[in-house]
Q: 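Take a look at the following structure, please.
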Amino acid sequence: MSEPVLYGAEYSVYTRIARLALLAKGVTYQFEIVDVFAAEADRSRHPFGKIPILEHDGFRLYEAGAIGRYVDEGFAGPALQPADAQGRARVAQVVSVLDSYAFQPLVMEIYVQRVSRKVPDEARIAAALPAAGRVLDALDELAKNGVFGVEIGLAEAHCVPILAYFTLAAEGKSLLAERPTLSAWWSRIRLHQHVLVTRFPAESG
């Protein structure tokens, strides 16, 4: 089989999820940079003009969650999901929580406003804090139940990029510190080799 090609951007949360899955599985891949903010979105590969997209032997796939599952189930290497039905269901739950409830308040409202904007919208940040707290409570409870491990699996791959941006904001650091189990896991996983090699440009200063 040929090497898969991943289309995405280094700053993209969802591209990083796919990159982490590929690295954790030990899959050699080509990384083609696509900047969705540079010009009008290209819908030739993705009907919604988003990233990432994976192409492999004529098979094209978009949506990071689907790409992660394909990488885990379609290639040889370490398992990125538990073997049992309950464990896999819990991973699916984590992915859904992060997509449905975490990305918008933690990244788009708190990180973007506090770190990316020259003049933050303080009202938007304040409005996002309660939702962020609920998400962190849910993730902390999942961490207490052993969902997140010391290696990168699909649950970890999905969580890392969101927390990486979130903790660049002062509010993110403070809120995470109030959840000891999740915070302790983050302090370890953020130093994992796959996390370090996929760091966002913003993490480098």
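Just so you know, residue 1 is the first one in the sequence shown, and it goes up from there.
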Q: Testing the basics here: between Val34 and Ala9, what is the closest heavy-atom pair and its distance to 0.1 Å?
A: O-CB, 3.4 Å
Q: Determine the minimum heavy-atom distance between Glu10 and Pro201, stating which atoms define it.
A: O-CD, 3.8 Å
Q: Would you say Ile51 ends up clustered with Phe48 if hydrophobic residues are merged whenever their side chains have heavy atoms under 4.5 Å apart, either directly or through other cluster members?
A: yes
Q: Got a salt bridge between Glu122 and Arg114, using NZ or NE/NH1/NH2 to carboxylate O under 4.0 Å?
A: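 Arg114 and Glu122: salt-bridged.
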Q: Surrounding OH of Tyr29 (heavy atoms of other residues, nucleotides or ligands, distance under 6.0 Å), is the total greater than 12?
A: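 Enclosed.
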Q: Heavy-atom distance under 4.5 Å between the side chains of Leu142 and Gln93, does that happen here?
A: yes
Q: Strictly by modelled atom types, are Tyr70 and His56 linked by a side-chain donor-acceptor pair under 3.5 Å?
A: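 Yes - a donor-acceptor pair under 3.5 Å links their side chains.
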Q: Would you give the length of the straight line joining atom CG of Leu129 to atom CG of Leu175, rounded to the nearest 0.5 angstrom?
A: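 The CG atom of Leu129 sits 6.0 Å away from the CG atom of Leu175.
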Q: Return the minimal non-hydrogen interatomic distance between Leu54 and Pro4, and the atom names on each side.
A: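 Closest pair (atom of Leu54, atom of Pro4, distance): CD1-CB, 3.9 Å.
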Q: For Ile17 versus Pro161, what's the shortest heavy-atom pair and its separation?
A: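 Closest approach of Ile17 to Pro161, heavy atoms only: CG1-CG, 3.7 Å.
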Q: Has the side chain of Lys25 got a donor or acceptor atom that lies under 3.5 Å from a matching backbone atom of Ala76?
A: no
Q: Please determine whether residues Val71 and Phe59 belong to a single hydrophobic cluster, defined as Ile, Leu, Val, Met, Phe, Trp and Tyr linked transitively by side-chain heavy-atom distances below 4.5 Å.
A: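 As far as the 4.5 Å side-chain criterion goes, Phe59 and Val71 are connected within one cluster.
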Q: Which atoms form the tightest heavy-atom contact between Glu156 and Gly153, and what is the distance?
A: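 That closest heavy-atom pairing would be OE1-N, 2.8 Å.
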Q: Taking the six-membered ring of Tyr62 (Phe, Tyr or Trp), confirm whether the NZ or CZ of Arg45 is under 6.0 Å from its centre and within 45° of its axis.
A: no
Q: Angle between ring planes, His158 versus Tyr14, binned at 30° and 60°: parallel, tilted or perpendicular?
A: perpendicular
Q: Arg69 and Leu154: side chain to side chain contact (heavy atoms under 4.5 Å, CB included), yes or no, with the steps?
A: CA-CA 8 Å; Arg69 287 275 303 273; Leu154 296 189; 4.3 Å; yes
Q: Is there a donor-acceptor contact under 3.5 Å from the side chain of Ser100 to the main chain of Ser96?
A: yes
Q: Assigning hydrophobic clusters by single linkage (Ile, Leu, Val, Met, Phe, Trp, Tyr; side-chain heavy-atom cutoff under 4.5 Å), is Trp186 placed with Val150?
A: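 The answer is no; the residues belong to distinct hydrophobic clusters.
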Q: Rounded to the nearest 0.5 Å, what separation is found between the OH atom of Tyr7 and the OG1 atom of Thr15?
A: 13.0 Å
Q: What distance do Leu182 atom CG and Glu141 atom CD have between them, rounded to the nearest 0.5 Å?
A: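 Between Leu182 CG and Glu141 CD, I get 11.5 Å after rounding to 0.5 Å.
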Q: Which of these, Phe166, Tyr11, Tyr165, sits in a ring-ring contact (aromatic ring centres under 6.0 Å, His included) with Phe200?
A: Tyr165
Q: Counting only heavy atoms not in Arg179 (residues, nucleotides, ligands), do more than 12 fall under 6.0 Å from its CZ?
A: yes
Q: Checking Leu23 against Ile152 for the side chain to side chain contact (heavy atoms under 4.5 Å, CB included) test, could you report, in this order, the C-alpha distance in whole Å, the side-chain angles of both residues, the deciding distance, and whether it holds?
A: CA-CA 9 Å; Leu23 286 169; Ile152 301 294; over 6 Å; no
Q: Under a single-linkage definition using a 4.5 Å side-chain heavy-atom cutoff for Ile, Leu, Val, Met, Phe, Trp and Tyr, are Leu168 and Ile125 assigned to the same hydrophobic cluster?
A: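 No, separate clusters.
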Q: To the nearest 0.5 Å, what is the distance between CD on Gln30 and CD on Glu3?
A: 5.5 Å
Q: Which pair of heavy atoms, one from Gly149 and one from Ile189, lies closest together, and at what distance?
A: O-CD1, 3.8 Å
Q: Going by the side-chain contact (heavy atoms from CB on, under 4.5 Å) test, name the single residue among Val91, Leu80, Val27, Ile67 that passes it with Asp72.
A: Leu80
Q: Is a side-chain N or O of Arg88 found less than 3.5 angstrom from the main chain of Pro82, in a donor-acceptor match?
A: yes
Q: Hydrophobic cluster membership, with links at side-chain heavy-atom distances under 4.5 Å among I/L/V/M/F/W/Y: are Phe103 and Val147 in one?
A: yes
Q: Between atom CG of Leu163 and atom CZ of Phe148, what is the distance when rounded to the nearest 0.5 Å?
A: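 The distance works out to 7.5 Å.
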Q: Would Gln81 and Arg90 satisfy side chain to side chain contact (heavy atoms under 4.5 Å, CB included), going step by step from the backbone distance to the final call?
A: CA-CA 10 Å; Gln81 304 173 85; Arg90 194 65 79 192; over 6 Å; no
Q: Does the plane of the ring in His192 sit parallel, tilted or perpendicular to the ring in His194? Use 30° and 60° as the thresholds.
A: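 Tilted, since the angle between the ring planes falls between 30° and 60°.
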Q: Any donor-acceptor pair under 3.5 Å linking the side chain of Ser187 with the backbone of Ala184?
A: yes
Q: Which value, rounded to the nearest 0.5 Å, describes the distance between Arg16 atom CZ and Thr198 atom OG1?
A: 4.0 Å
Q: Is any side-chain heavy atom of Arg19 closer than 4.5 Å to one of Phe31?
A: yes
